Structures are given as structure tokens and as C-alpha cells.
Amino acid sequence: MMGFNMRYLELKRKIRDVRMWAIQGIAEAGSGHPGASFSAAEIMGSLYFRKMRHDPKDPGWQERDYFINSKAHSAPGYYSTLAVAGYFPPEELRTLRKLGSRLQGHPVRYSEHQKHHSVPGIEYSGGSEGIGLSVGVGIALASRLDGKKNRVYVMIGDGESNEGQVWEASMAAAKFKLDNLVAVLDRNRIQQDGFTEDIMPLDPAKNKWEAFNWHVIEVDGHRVEQLMDALNKASQVKDKPVMIIANTIKGNGVRHMANTPQWHGKAPPKKHTPVLLEELESEAIIAPSIIAGEKENYEQKIKKAEREGVEMIHLDVMDGKFVPNTTFFADTIKKLRPLTPLPFDAHLMIERPIDRIQDYIDARCDIITVHAEACTEDEFVQIQGRCLAAGISPGIAINPKTDIPDWLLPHLPDLDVIIIMSVNPGFAGQKFMPEVLPKMVAVNKKLRDHGFRGYIEADGGIDAATLQQVYDAGARIFVAGNAVYGNTDIHGAVIHLRHKAEVALERKLLDHATRLSVRADWMKARKNILIPYASELKIEEELNAIK
Ligand code: DX5
Ligand code: ZN
């Protein structure tokens, strides 16, 4: 059986892979729907990689939960999700829409009879939209009549919601109190060639579904922690079907494809694929460290960070022995946990973490990182094993003078994060140590060469002046203590850090496009995105010359 315990960073990595396979298929085919494939990636990923009971080795498993993809044009993203989940080899995405391929433009329900143009795991033949919810109502009703516990998930679009049949099905589901049915609205506000609110306004969507007697939960549809929170809450609702309104961005993941109708059903040039893949692998994650700034007041700090849309909270646990400072321990984290679904990134600067690891597992951290200097290989393997078993992302940290221990290399495949300290641990607000940069570059290469697919986290003195340097050295998670909480304007501080990460990304992609001799073509496709960074990237003239 799949999922259930997938770790936060592994889930993010899998969803990243989904986008990467989908874009390869679409570019190779020269056609397809990147917009919807990307807006729905976290929705489908959270369902297939974590929430749903299903088994890729037994697609017909009688106890399985059902997923009905009613917005069928998101097929490339859907196929990639099934492939990354293990239903078929992801490489097959490169045959998308080709004659004789099993992966055609719109999904076909799998059966022995249809196996030549379908793949195991597809429950519903989609194409003409507006029908999937009715099918979901039928399956949910039948399951209940058969006394079965299967849950039914139906993903619909907001353009599709123009269809009257959607509302007929909605009434029926409420009439039959189908609390085994969950619909997820991929609310990306774009349909075909325009914006939904211009074509057929759906707002206020929440009121509409509540008026049809559904229990409605609204979330950011690109935040897996919010989606998982909503899906788990939906499982508790009785006597009502549940609608999860997932606010998403069409084309999310590739900046020049995001939130614009033109990428609804258009393929990028194949020659751009390597650059697009690099972009999809380069999401920047900001993690404010709550020990920085004013003393304690952790709740306020977490709330402020959440309002600024950061990706996770960095929790520096210091025992006064491993480092010359004491902060807080698992009991404090336990108290903070109910405050937010934001992932907790626990950085344990303690002696003998093997003796305390269960406390941090029980405190429901999403990531637990221990120091290589504080444990033996055997102890680390135990710690890693217990984190994995608990669905927690294991990480290891190295101090500025420490190199990656060779004993770690065999354990890399199940390691999600490596913290490379750029200050001697113990306090926030210290000065960044540039001498760690060459090590970070070398460690990044060594790790990738040994199959590491996780994240490098830069921790210590990261701010608007140093972020690009660690970005270029391979970091993708950026701890920011003083840069955020040492600042009266937290909003401005987070925006500034993001801006620096974006400049570093655009420079990297431009360099890649140049190496591939597609610079001008890439700049043309990316023009609107590049304009705000033109002076920092010193490309004003070049950009102005592009018509
Ligand atoms: C230092 C901690 C860091 C620190 C970050 O030992 O591990 O996370 O709090 O704070 P700044 O960003 O201010 O260096
Ligand atoms: Zn830290």
C-alpha cells in the first residue's frame, strides 16, 4: 500500500518530479496542457503520495480509495503522478500523445480491453468536462450501499464549474449525505483562453458550495501541509460531502508560465526543456529561525512568518553543552505545534541526540536534523531509521570546519536535508563565514555524485547580501534569523530575500540557456519575468532589443 507516511521533503521532491516528467512529455509531444498539470500538482501529489489508500502493485485492490480526475486536460500531470507513484515507468511520459502510446491527450479508464491506450490506476475516462463529479457520486453511493470504506476523491476545475451537471451532482451528493466523497476544486482562476471571473464568475465559490450543503475548506493549493490538513479534516466530517477549494496558480513552478492563459494548452520549445527542468529543481525555501530578534515570543514570530508566506519554521534547539547557549526543547515545540500547519524544521544542537530523538519525533517536527559531530554512524543510522519510520525527514548538519563524513555516503538515499553551517553554531545574528562557500560547492557535487536528491540548507548569517552566494553554491533552503526577526519590517525582509533568490535563479537559468545556445529564445519567452531583474542581471539592452 502506498503513501500515508511520506515525509514532508520527500513529498515535495516527488511533486517536483511530477512537474519535471510532465514538462518533458509535453515538450516532446509539442502539445499538451502544462497550465493545469502544474496547478493541480500538489493536489494530486498529496492524494497519491500521502492521503489515499491505494496500491500501484494492485491497481484493482477492492479496498482502494478512488481518484476521479474530472479536469482531464491535466492529463500530463495526472500521468506523471501515477508514474511517480509507481503505476508505470516515468520514462513513458516521453511518449505522451504519440501514435501507439498508452498516454494520450486525455486519460482513458484502465481495463484489459483498453490497456493499449491507458495505464493501470486510471479510474475514469475524462475529456468532455463537467461529468467527473457525477461519476464520483455514483461510486461513493455504491460503496456505501455495499458497506465499503473506500473514499472517493474528485478533482474538478473552475472553468469546468460552468457546467450545470456539476451542480446537479453537487445537490445529489448533499441529498445522500455522502461523507465518503471529497471534491477538490483546482481554483486557478483561468479557463482556456481567459480568466474565469471575466468569462463566467464563480466567486464566491465557498458560499455556493456551502449553499449546496457541502462542508467547505479553503486552502493554498500549493501548500502540501495545508492540503494534508484539509484532507485529514475532511475524513472527520459526517453526513456531508466535503469540498476543498484549493487556491492555485495555473502553470505554477515555471515562472513565465504562471497565471497566464497562454500556457493553458501550449507546449514550450523542446530546446528549453533542460532549462525548465533546472528551474523546477530550484525552488527556494525560506525558513525563519525563531530564536533571532527579541527574546522568545515564539508564537508571535511564527504567526508573523506564516503571514509572510514562508515555507517552514526553523527551530534551533540548543542544550548549552554541544553549543555555548541554551534555547528550548521538545516540550516547547509540542506547545507551538498546534499553532500552524507550517512544517517545523528542527535543528538539534545537542549532545547525544540518540538519547532525545523520540521527544522530537513525538513533538511532531517535520524535519529533524542532528549534528554529525554529535553522533557516531551507528547512532545516526538509528536516528535516521526512527525518523523515517515516523514519516519525518531526517537531516544531518556539519559545522564550518567539518566535512561530510564518509560514513554518511551509504545513507544518502534516505537523507532529505544537509545543513551546512556558515557560522559556528550557538547564536543568531552572527556574521556569515564566506570561507564555507568552496566547501558547500564541493559537498554539493560530492552528494549529487553519490545519489543525494535532498536539499542543502544554508544556516548562519544568511541575508540579502549572502543569500545569492549560498544559492550559487547549491543551497535551496535558507535559514534566516536576524535577517527576518532582527528587522522591524518583516514583510519587506522576506520579500527582499525572495527577490535575491529569484535573481540568483534567473542568472542560473540564463547561464544554462547560454550554454545551450538558446539564450535569445529563452529571454524572449522569459521577457516579462526578467524585466524587474534587468539591471541586477545587466541585461537591459539585450532585453530591450527583444521584440
Ligand atoms: C545558529 C543557528 C542558526 C541561527 C540563524 O547556531 O543554527 O539557525 O539561529 O540565525 P542568523 O540567520 O541570524 O544567523
Ligand atoms: Zn539553525
Side-chain angles (χ1 to χ4, degrees), residues 9 284-298 301-302 304-305 308 310-330 332-333 336 342-351 353 360 365-374 393-402 416-437 440 455-471 475-490 493-494 496-498 500-501:
L9 289 176
I285 294 173
I286 308 264
S289 161
I290 61 171
I291 65 164
E294 60 175 318
K295 198 146 180 31
E296 302 197 3
N297 207 358
Y298 301 133
K301 287 175 184 169
I302 290 175
K304 284 183 182 160
E308 297 313 327
V310 303
E311 285 77 13
M312 52 191 192
I313 300 292
H314 187 76
L315 302 167
D316 286 310
V317 174
M318 301 179 182
D319 66 354
K321 298 186 209 114
F322 180 76
V323 286
N325 185 14
T326 305
T327 54
F328 50 75
F329 301 97
T332 301
I333 297 178
L336 296 172
L342 269 179
F344 277 5
D345 173 31
H347 177 193
L348 307 190
M349 285 158 278
I350 61 175
E351 284 183 344
Y360 294 92
C365 301
D366 299 272
I367 304 166
I368 299 178
T369 297
V370 300
H371 269 262
E373 302 88 357
S393 285
I396 200 157
I398 52 173
N399 285 341
K401 292 207 171 38
T402 308
D416 289 343
V417 65
I418 297 199
I419 293 184
I420 300 183
M421 297 301 301
S422 38
V423 296
N424 289 316
F427 304 92
Q430 298 182 79
K431 202 167 168 334
F432 175 76
M433 299 164 68
E435 59 268 36
V436 303
L437 288 168
M440 197 180 275
Y455 295 80
I456 291 197
E457 180 165 342
D459 186 8
I462 305 302
D463 59 21
T466 58
L467 188 146
Q468 286 183 42
Q469 299 168 60
V470 290
Y471 186 105
R476 291 293 177 269
I477 301 179
F478 307 97
V479 175
N482 203 44
V484 170
Y485 296 118
N487 207 309
T488 47
D489 173 13
I490 290 184
V494 172
H496 201 187
L497 289 171
R498 283 207 193 287
K500 290 300 178 183

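Start at 1 and go down the list; that is how both ligands and their atoms are numbered. Keep in mind the model is a prediction, meaning the values are calculated, not measured.
With a heavy-atom cut-off of 4.0 Å, P425 touches ligand 1 through backbone and side chain alike. At a 4.0 Å heavy-atom cut-off, ligand 1 touches N482 through backbone and side chain alike. With a heavy-atom cut-off of 4.0 Å, I291 touches ligand 1 through its side chain alone.
The shortest contact between atom 1 (C) of ligand 1 and any protein heavy atom is with F427 O, 3.5 Å. In terms of protein heavy-atom proximity, atom 14 (O) of ligand 1 is nearest to G461 N, 2.8 Å. Shortest contact from atom 6 (O) of ligand 1 to any protein heavy atom: G426 N, 2.9 Å. Summary of contacts: the protein heavy atom closest to atom 9 (O) of ligand 1 is D316 OD2, 2.8 Å. The protein heavy-atom contact nearest to atom 5 (C) of ligand 1 is D459 OD1, 3.6 Å.
The residue among G481, A287, G293, G429 with a heavy atom at the shortest distance from atom 12 (O) of ligand 1 is G481.
Across all their heavy atoms, T369 and I396 have their closest contact at CG2-C, 3.5 Å. Nearest heavy-atom pair across G426 and N325 is O-ND2, 2.7 Å. Between A305 and P288, the closest heavy-atom pair is CB-CG, 4.1 Å. Shown here for I285 and Y455, the closest heavy-atom pair between the two residues is CD1-CE2, 3.9 Å. A pairwise comparison of heavy atoms in M318 and F329 identifies O-CZ, 3.5 Å as the closest pair. Residue P343 comes nearest to D366 through the heavy atom pair CA-OD2, 3.2 Å, listed as atom of the first residue, atom of the second, then distance.
Between H314 and H347, the ring-plane angle classifies as tilted under the 30° and 60° cut-offs. Ring geometry for F322 versus H371: interplanar angle of 30 to 60°, hence tilted.
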What's the verdict on salt bridge (charged side-chain N to carboxylate O under 4.0 Å, His left out) for E373 and K401, showing C-alpha distance, side-chain angles and the deciding distance?
CA-CA 10 Å; E373 302 88 357; K401 292 207 171 38; over 6 Å; no
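Side chains of I367 and D416 form no contact here, defined as non-hydrogen atoms less than 4.5 Å apart. Side chains of I290 and L315 form a contact here, defined as non-hydrogen atoms less than 4.5 Å apart.
Atom OD1 is the N, O or S atom of D316 at the shortest distance from the Zn ion (ligand 2).
Taking any N or O of S289, backbone or side chain, at least one lies under 3.5 Å from an N or O belonging to ligand 1. Checked by distance only, ligand 1 and A480 stay at 3.5 Å or farther apart across all their nitrogen or oxygen atoms.
Counting atoms of ligand 1 from 1 in the listed order, those under 4.0 Å from a heavy atom of M349 are 6 (O), 7 (O). When each atom of ligand 1 is checked for a heavy atom of H314 under 4.0 Å away, the hits are 8 (O). Atoms of ligand 1 found under 4.0 Å from any heavy atom of H347, numbered from 1 in the order shown, are 7 (O). Numbered from 1 in the order shown, with element, the atoms of ligand 1 that lie under 4.0 Å from a heavy atom of V479 read 8 (O).
Taking the Zn ion (ligand 2) as the apex, the angle formed with ND1 of H347 and OD2 of D459 is 90°, to the nearest 10 degrees.
Ligand 1 has G460 within reach: a non-hydrogen atom of the residue lies less than 4.0 Å from it.
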